[in-house]
Structures are given as C-alpha cells and as structure tokens.
Amino acid sequence: ISETINVTANIDNLAFELIKRLKSQQDKNRKGNADEKNFLKRRVICGAHETLKFAQSGRVKLIFYAKNMDENNLRAASNFHSLQIVCPLAGIPMIEVLTRKELSRIMNKFPYVAVVGVIDFSGFERETEDIVKNWKIHDSCKLFHIDQSSLLP
C-alpha cells in the first residue's frame, strides 16, 4: 500500500512541475511576440471541452485530470466521458493527478480546472517520459485500460 502512495505522490509532484513549467514557457512565448498568432504556440489547454476538441483532432499528446472531478456538472462530465472513450483509441495517456484547486492555481484560472491537455512538451520529454512510466505501473492505468486487455502487460 505504501508503494502505491509513493507512486501516486511521485506522479503528482512530477505532473505539478511539468504543467507549471509548460504554462510558464507558454506565457513567456506569448508575451514575447505580440504580432504573431499566439494561439499556434499553445502548449497546454484547460477544460474538458477544449481538451476533447484537440484530442479528436489528434493534437493532444497527454491529458491530466483532477482526482476530485465534479460529476454534477453535466456538460463537463459528458465531455470527460467522451475523452475516456477517445483517449484509449488514440493512444493518449489520461493521468489522474492533483485536485481541481491545484490545477486551477497552476493554470491561473478560475473557476476550477478539472482537465489539462498537453499539446506540445518539446524540451520536457524526459519529465513526460517519467510521468507516463510511473503511471503505467500505477493502478489508475490498469483501470483506464480495463476494456482493452491487449494494452495491459
């Protein structure tokens, strides 16, 4: 049990650092060149609806979602359930990390953010690899791919 807690804490810490660094890199790029089309330089997106759009188009590489997802918000829950269908088929890791409040603070958004999608993690490949490797040995990966037994080790 303690090993599972350590892996979960490790995933949370790694995800926190990765999202924070990607967000600061994105903000730095956007402030640098006001003339360029800034939406092309996006690295992270937030919200279930936005992430679903990018996942369906194949642009999202990694998805983080909060441990305390709000199932009462029907629109967000519907988009989240659609993400749960799209992601395994597209091979996009969907990793449960942090809380809605923590994700919101990292993304500097209010009200709370429950889903964060990573579009571009260039420069942070090793950190992303570590998160996905830890996620694959965690129970949430097995629960995520329960319908697709061919993907399990």
Side-chain angles (χ1 to χ4, degrees), residues 1 3-27 38-122 124-125 127-153:
I1 295 173
E3 183 179 323
T4 304
I5 293 170
N6 288 339
V7 171
T8 303
N10 191 24
I11 291 172
D12 285 354
N13 292 336
L14 291 171
F16 181 86
E17 286 300 317
L18 177 68
I19 297 169
K20 188 169 82 171
R21 291 173 69 193
L22 286 171
K23 175 70 172 142
S24 68
Q25 186 74 32
Q26 175 177 297
D27 292 345
N38 289 326
F39 62 90
L40 295 175
K41 297 179 186 264
R42 292 171 78 177
R43 288 177 158 251
V44 290
I45 52 175
C46 54
H49 179 73
E50 193 78 10
T51 306
L52 178 62
K53 286 192 315 187
F54 279 83
Q56 288 172 333
S57 69
R59 291 183 57 198
V60 171
K61 308 286 188 280
L62 181 65
I63 295 174
F64 296 108
Y65 67 97
K67 293 175 184 173
N68 59 345
M69 279 288 294
D70 185 16
E71 294 290 331
N72 297 332
N73 184 347
L74 295 178
R75 192 167 140 220
S78 172
N79 288 329
F80 181 71
H81 291 304
S82 298
L83 272 172
Q84 288 178 316
I85 294 168
V86 169
C87 289
L89 297 175
I92 302 169
M94 211 171 152
I95 304 172
E96 182 181 54
V97 295
L98 305 170
T99 62
R100 291 172 53 218
K101 187 174 184 177
E102 291 168 326
L103 286 174
S104 298
R105 283 197 175 152
I106 297 169
M107 296 302 293
N108 202 15
K109 296 277 186 189
F110 184 83
Y112 295 128
V113 173
V115 179
V116 173
V118 178
I119 297 173
D120 178 23
F121 52 80
S122 57
F124 302 100
E125 287 87 0
E127 291 91 337
T128 306
E129 231 173 72
D130 289 344
I131 292 170
V132 172
K133 185 176 69 173
N134 282 328
W135 173 68
K136 285 185 177 179
I137 61 172
H138 192 258
D139 293 338
S140 66
C141 177
K142 292 175 180 69
L143 292 173
F144 180 65
H145 291 298
I146 200 151
D147 296 334
Q148 298 175 328
S149 59
S150 62
L151 294 175
L152 295 175

- Item | Note, Tyr112 side chain near Leu103 side chain (heavy atom, < 4.5 Å) | no
- Item | Distance, nearest 0.5 Å, that separates CD of Glu127 from CG of Leu22 | 8.5 Å
- Residues which pass side-chain contact (heavy atoms from CB on, under 4.5 Å) with Glu102, listed by chain and number, not counting sequence neighbours: Leu98, Thr99
- Quick one: CH2 on Trp135 to CZ on Phe64, what's the gap to the nearest 0.5 Å? 10.5 Å
- Query: Roughly how far, to the nearest 0.5 Å, is the CZ atom of Phe124 from the CD atom of Gln25?
  - Reply: 5.0 Å
- Between atom NZ of Lys20 and atom CD1 of Ile106, what is the distance when rounded to the nearest 0.5 Å? 8.0 Å
- Message: Would Ile95 and Tyr65 count as a side chain to side chain contact (heavy atoms under 4.5 Å, CB included) here? Give the steps.
- Response: CA-CA 6 Å; Ile95 304 172; Tyr65 67 97; 5.8 Å; no
- Query: What closest approach, in Å, do Ser104 and Pro111 show between heavy atoms, and which atom pair accounts for it?
  - Reply: OG-O, 4.0 Å
- Any side-chain heavy-atom pair from Asp12 and Lys67 closer than 4.5 angstrom? yes
- Message: So Cys46 and Val115, do their side chains get closer than 4.5 Å, heavy atoms only?
- Response: no
- Answer yes or no: is there a donor N or O on one side and an acceptor on the other, between the side chain of Thr51 and the main chain of Val116, under 3.5 Å? no
- Query: How long is the span from the CZ atom in Arg59 to the CD1 atom in Ile45, to the nearest 0.5 Å?
  - Reply: 8.0 Å
- Message: With a 3.5 Å distance limit and no angle check, can you tell me whether Gln26 reaches the backbone of Arg43 through a side-chain donor-acceptor pair?
- Response: yes
- Task: Answer whether the closest heavy-atom distance between the side chains of Leu83 and Met94 falls below 4.5 Å.
- Result: yes
- Nearest-0.5 Å distance that lies between atom OG1 in Thr128 and atom CG in Leu18: 4.5 Å
- Task: Decide yes or no for Ile85 and His81: does some side-chain heavy atom of the first lie under 4.5 Å from some side-chain heavy atom of the second?
- Result: no
- Query: Can you find a pair of side-chain heavy atoms, one from Met107 and one from Val44, that are under 4.5 Å apart?
  - Reply: yes
- Between Cys87 and Ile63, the two heavy atoms sitting closest are SG-CD1, 3.3 Å
- Query: Short question: side chain of Asp130, backbone of Leu14 - any donor-acceptor pair under 3.5 Å?
  - Reply: no
- Applying salt bridge (Lys or Arg N to Asp or Glu O under 4.0 Å), name anything that partners Lys53, two or more places apart in sequence or on another chain. Glu50
- Message: Does any part of the side chain of Val118, heavy atoms only, come nearer than 4.5 Å to the side chain of Val60, both counted from C-beta?
- Response: no
- List the steps and the verdict of side chain to side chain contact (heavy atoms under 4.5 Å, CB included) for Lys133 and Ile137. CA-CA 7 Å; Lys133 185 176 69 173; Ile137 61 172; 5.8 Å; no
